[in-house]
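Right, one structure below, let's go through it.
What you are looking at is a predicted structure, and each value in this text was computed from that prediction instead of being measured.
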Amino acid sequence: MSVIPVLVINSGSSSFKYQLLDMATERTLASGLVERIGEPVGVARHTVYATPTDGAAPAFLDATRTRELPIPDHTAGFAVMLEAFASDGPSLHDSPPVAVGHRVVHGGARFFEPTLITPLVEINIDELSVLAPLHNPANLAGIVAARRAFPDVPHVAVFDTAFHQTLAPAAYTYAIDTEVAASHRIRRYGFHGTSHKFVSEAAAAFLGRPVEDLTQIVFHLGNGASVTAIDRGRSVDTSMGFTPLEGLVMGTRSGDIDPAVLFQLARRGGLSIDDLDDLLNKRSGLLGLAGSNDLRDIRAAIERGDERAILAFEVYVHRLRGYAGAYLAQLGGADVISFTAGVGENAPHVRAGALETLGFAGVEIDHERNESPDRGIRVISTDASRVTVLVVPTDEELEIARQTLSVSRA
């Protein structure tokens, strides 16, 4: 079987991650990280994976190679990446990528599917930076540099917001003056869409059922966290809103909060807009409540009887239950509830806490299954549970590669 290489790029303002996948087997061939771009000394890491045999999982061919050198901009970063492929493999000369897929955070209301990148699409991504000033410019910098490095292959943008473009107006509309909302494009957009799409389809495939036959709730729980109600493969409600700040309690983000709290802090506390932005995005959530945004640290503190940690976990789980109940109501019940991402895949106490009050809706957790150290997709509900509860490892890079290939071959 011939190799079908697709390169996936996830670009930030001072770094970018990359992954080369063989889409004939959907196997990762290599991955890497180029970071500290623009600093006096940058860092580049490149890992090559061995070809698995007899169904074994991929293994590192060699220890990850790390280089430290000046990387003044993204274009220089891509040159460093190309040098790593040339020196350590796999050879892009022998098997050049057939397409390059790019994660783009915000597609606004314009982009609802993976999109072949043209100069006009680049202009649109740049213009949408007003909605994602920390992300879209960085994503665009990666696109520009990658198109210079790979000028002869199609480049495809895959948008975090695209999966949620199926929300009905009742779900995405905020109850503020309609002219003000329209003038400033204020609405719920939702994020983590690539992960929610991948997990919902992986869950359906695992259960041997068409995704169009299932109602699902997917919890993507990492440092950033969101939950989505999915009706027959379509997102119908999601916790993140105009920005990724809304919704669940997260590592450093507050999630839902009464907007009047901000008025109070501005009027009585003297906090500026930038102060409030910093507070809610960087100094709130688990970090603000417990002093750490790592649930492993919080778990250890709970075992020591730390009251701040206990409260932080209770607040975190209370919000999860609230969204689970709300989305069960929106869907009229669920066939599947899935947990994914770093916390969702690795924190059984979070999964148990989020669902322990949902027996009325047919949700029964098997505690032995839930506590199992097994990896991979697996059932953690009882055989009698009317709702199947799963742990589904997410793979956003694979999802981006799939969507990229579908567009580049169209």
Side-chain angles (χ1 to χ4, degrees), residues 12-13 105-106 108-109 127-138 160-161 164 167 169-192 220-228 237-295 297-298 301 306-327 343:
S13 58
V105 167
H106 218 304
E127 197 277 330
L128 287 166
S129 294
V130 68
L131 299 177
L134 297 179
H135 296 98
N136 272 34
D160 275 7
T161 53
H164 303 300
L167 295 182
Y172 70 66
T173 302
Y174 290 113
I176 64 172
D177 181 277
T178 56
E179 292 184 5
V180 171
S183 176
H184 297 282
R185 290 180 278 185
I186 305 297
R187 53 159 287 180
R188 171 171 279 106
Y189 291 103
F191 299 89
H192 292 151
H220 176 109
L221 304 181
N223 194 49
S226 63
V227 54
T228 296
D237 211 346
T238 192
S239 59
M240 286 180 168
F242 177 68
T243 74
L245 180 58
E246 186 179 2
L248 302 175
V249 175
M250 303 176 225
T252 65
R253 298 178 192 144
S254 66
D256 294 340
I257 190 169
D258 183 345
V261 171
L262 309 186
F263 309 154
Q264 181 78 354
L265 292 174
R267 290 169 179 158
R268 300 297 298 273
L271 275 67
S272 69
I273 293 296
D274 288 342
D275 292 335
L276 294 170
D277 190 325
D278 181 72
L279 172 67
L280 296 189
N281 277 294
K282 298 180 180 179
R283 296 191 289 117
S284 296
L286 292 172
L287 179 65
L289 290 171
S292 173
N293 62 334
D294 191 322
L295 270 164
D297 295 340
I298 293 171
D306 186 295
E307 293 185 359
R308 286 184 64 193
I310 292 169
L311 177 60
F313 183 76
E314 289 176 347
V315 172
Y316 184 87
V317 169
H318 181 85
R319 192 75 57 84
L320 295 176
R321 289 179 192 152
Y323 270 94
Y327 288 174
V343 174

Run Leu245 and Ser254 through side-chain contact (heavy atoms from CB on, under 4.5 Å) and show every step you take.
CA-CA 7 Å; Leu245 180 58; Ser254 66; 3.9 Å; yes

Atom NZ of Lys282 and atom CG of Asp277: how far apart are they, to the nearest 0.5 Å?
7.5 Å

Would you find a donor on one side and an acceptor on the other, under 3.5 Å apart, between the side chain of Arg308 and the backbone of Leu289?
yes

Does Ser272 offer a backbone N or O that forms a donor-acceptor pair with the side chain of Asp275 under 3.5 Å?
yes

Among side-chain atoms of Asn136 and Ser129, is any donor-acceptor pair under 3.5 angstrom?
no

State, to 0.1 Å, how close Ala109 and Arg187 come at their nearest heavy-atom pair, and which atoms those are.
CB-NH1, 4.0 Å

Evaluate the side-chain proximity of Arg283 to Arg253: yes if any heavy-atom separation is below 4.5 Å, no if none is.
no

Which heavy-atom pair separates Val343 from Tyr316 by the least distance, and what is that distance?
CG1-OH, 3.8 Å

Rounded to the nearest 0.5 Å, the CG atom of Leu320 sits from the CG atom of Leu221 at a distance of 5.5 Å

Given the rule in the ring pair (Phe, Tyr, Trp, His ring centres under 6.0 Å) test, do His106 and Tyr189 qualify, once you have shown the distances and angles that lead to the verdict?
CA-CA 8 Å; His106 218 304; Tyr189 291 103; 4.6 Å; yes

Between Val130 and Pro133 the two heavy atoms that sit nearest each other are O-CD, 4.0 Å

Mind checking whether Leu128 and Arg185 have side chains closer than 4.5 Å, heavy atoms only?
yes

Spacing of Leu280 atom CG and Leu262 atom CG [to the nearest 0.5 Å]:
5.5 Å

Taking atom types as modelled, find out whether Thr228 and Thr238 have a side-chain donor-acceptor pair closer than 3.5 angstrom.
yes

Throw together a table of side-chain donor-acceptor distances under 3.5 angstrom for residues 176-184, partners on residues two or more places apart or in other chains.
unit_1 : atom_1 : unit_2 : atom_2 : d
Asp177 : OD1    : Glu179 : N      : 2.9
Asp177 : OD1    : Val180 : N      : 2.9

Output yes when a side-chain donor or acceptor of His192 lies under 3.5 Å from a complementary backbone atom of Ala225, and no otherwise.
no

Would you say that Ser284 contacts Leu279 through its side chain, given a criterion of any heavy-atom pair below 4.5 Å between the two side chains?
yes

Keeping Thr252 on the side-chain end and Asn281 on the backbone end, is there a donor-acceptor pair under 3.5 Å?
yes

Atom of Ala138, atom of Leu134 and distance for their closest heavy-atom approach
CB-O, 4.4 Å

How long is the span from the CD atom in Gln264 to the CG atom in Leu271, to the nearest 0.5 Å?
11.0 Å

Kindly give the heavy-atom pair with the smallest separation between Leu131 and Phe242, and that separation in Å.
CD2-CE1, 3.7 Å

Taking the side chain as C-beta and beyond, is there a heavy-atom pair between Asp256 and Arg319 under 4.5 Å?
yes

So, do Val105 and Thr161 sit near enough that their side-chain heavy atoms are less than 4.5 Å apart?
no

Is Arg188 paired with Glu246 through a side-chain N to carboxylate O contact shorter than 4.0 Å?
yes

CG of Asn293 to CD1 of Ile298: how many Å apart, nearest 0.5 Å?
7.5 Å

Please check this pair: side chain of Ser239 against backbone of Val227, looking for a donor-acceptor N/O pair closer than 3.5 Å.
yes

